[in-house]
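Chain A is the first sequence line, chain B the second, and so forth, proteins listed ahead of strands; every chain is numbered from 1.
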Protein chains: 2
Amino acid sequence: MEEQGQASGDRAAPLSEQTAARLRTMVIEGELVPGQRLSEVRLSGDLGVSRNTLREAFRLLTREGLARHEPHRGVFVAVPSMAAILDIYRVRRLIEVPALTKAFPRHRAVAAMRKAVAEAEAARERRDWRAVGSANMRFHAAVVTLTESPRLIAFYTQVAAELRLAFGLLSDLEQLHEPFIAENTAILSAIERGDPEGAAVLLTAYLERSERTVLSAFARIEDEDDRRRRALVP
Amino acid sequence: MEEQGQASGDRAAPLSEQTAARLRTMVIEGELVPGQRLSEVRLSGDLGVSRNTLREAFRLLTREGLARHEPHRGVFVAVPSMAAILDIYRVRRLIEVPALTKAFPRHRAVAAMRKAVAEAEAARERRDWRAVGSANMRFHAAVVTLTESPRLIAFYTQVAAELRLAFGLLSDLEQLHEPFIAENTAILSAIERGDPEGAAVLLTAYLERSERTVLSAFARIEDEDDRRRRALVP
DNA sequence: ACAGAGGATTTGTTCAACAATCCGCGCTGG
DNA sequence: CCAGCGCGGATTGTTGAACAAATCCTCTGT
């Protein structure tokens, strides 16, 4: 019923928001790498919108945490830090676990969780790890949907986008996403058998493991960065 | 370290954000009433900024939930609904209670809580109920600060602003804010004696009572609105 | 090698114009 | 009298150009 695709040709959807959506996907897909400067004239040319419209889109992105805005210097794609990742997982724990404990099997969101698991498995068949990651995130977004709180859902969506930005920096997506399909399945079946407490325990373990995986992969990257930087300026 | 004062005279802060801040206070102070249309030409004239800059500010406000943007119709000051209030208190419970249970007495945020309580009492002496309400909100913002999570703090700030918008609709601010000074004091002393669990219980009760008060006052207003509207179109 | 001047570039902001859309009003026709 | 229609005015959406202010970059002079 609702939803408009973000493809071109939307009726009545402001161009600034369409542009923000395009930038959002470009950032998440890795087409724009973290730290990259977003020149107003360059981008407005590439996207075919005016500078003013682009600036309106920038305001949205910075508010979402996907871009950083330094006065008189420009806007840059946000670079995730270890602190950011720690914070994001803290938020995820705080929101997802209580959300899941209030789950009952007939809720619409549970159907969405089922669908996400199925899609993740299909994507694994194709060895499309990026798609596995997307489905994974959709599973957890569905968990938050259980709360039926518009504000919480919006907030979580934003934080999840930031996390995906961090994923983009990581190389071994298979190792990152593959093991967690089974965990999601376990969580789902706990819910379906009417055991939200058990599901919450599983989810907590999931989040802890996922956080550790991301952090260690991230630490490796920052290490390499440091070494490279030191090599340039010895 | 953090903090952005809302006072005038910020250096190097983009005009669009200054404008957004001005609008924010105008909305919260009730200078702009919920439902009111914000004409671009009119406001840009009044505030002395260009239409484009004002539009950038609008994007920020709508993203914060303080304004609604209807394509080709304009932006309007958000009108809080009962659903919004229910949602906001759900979010408050979810965030504030766990935050408080992790409190320890020497934390910087506890000092901020103390300060907020003192300011609320001072404002009560002056019978300045709006200021009491502000100090009240600052107390609870300080509670969230205990988490030291930038994302959570930002989110809570936003939700709190929305709640203050709802407060603006209510008439009897004394009845709304006065009883809760004592409750905050009790919460604070529970923390100071090293009993975060007890503090959390008190906070939960606080939130429940506050929600009931706001909801009932709000229901009365919606009733009057309905009656008035029905009187106009019989 | 270094500091600083000065020019080039980029952002910040305004303005004017036009297209697209919405809204209210009067007009027409039954 | 009233329903529907269309038209014009007002507002938003978007663009492009222009200029001020700040930052970056280079080049010079010592």
*Side-chain N or O of B/Arg37 closer than 4.0 Å to phosphate OP1/OP2 of D/dT12*: yes
Output a table of nitrogen or oxygen pairs between the protein and nucleotides 14-18 of chain D separated by less than 3.5 Å.
residue: D/dT14; atom: OP1; partner: A/Leu15; partner atom: N; Å: 2.6
residue: D/dT14; atom: OP2; partner: A/Leu15; partner atom: N; Å: 3.3
residue: D/dT15; atom: OP2; partner: A/Ser50; partner atom: N; Å: 3.0
residue: D/dT15; atom: OP2; partner: A/Ser50; partner atom: OG; Å: 3.4
residue: D/dT15; atom: OP2; partner: A/Thr53; partner atom: OG1; Å: 2.5
residue: D/dG16; atom: O6; partner: A/Asn52; partner atom: ND2; Å: 2.7

What nitrogen or oxygen pairs link the protein and nucleotides 5-8 of chain D at under 3.5 Å?
none

Applying side chain to side chain donor-acceptor pair (under 3.5 Å) to B/His140 and not counting sequence neighbours gives B/Arg92, B/Glu96, B/Asn184, B/Tyr206
With sequence neighbours left out, the residues meeting side chain to side chain donor-acceptor pair (under 3.5 Å) with B/Arg130 are none
Could you work out, with salt bridge (charged side-chain N to carboxylate O under 4.0 Å, His left out) as the rule, every residue matching [X], not counting sequence neighbours?
X: A/Arg106; value: none
X: A/Arg164; value: none
X: A/Asp172; value: none
X: A/Glu148; value: none

By side-chain contact (heavy atoms from CB on, under 4.5 Å), B/Ala161 pairs with (sequence neighbours left out) B/Ile28, B/Leu66
Those residues at least two apart in sequence (or on a different chain) that pass side-chain contact (heavy atoms from CB on, under 4.5 Å) with B/Leu38 are B/Leu32, B/Leu43, B/Phe58, B/Val75, B/Val77
The ring-ring contact (aromatic ring centres under 6.0 Å, His included) partners of A/Phe218 (sequence neighbours excluded) come to none
Per the under-4.0 Å heavy-atom filter, residues of residues 70-77 of chain B near DNA chain C come out as B/His72, B/Arg73
Counting the benzene-type ring for Trp, do A/His177 and A/Phe167 have ring centres under 6.0 Å apart? yes
Rounded to whole Å, CD of B/Glu17 lies from P of C/dT11 at a distance of 16 Å
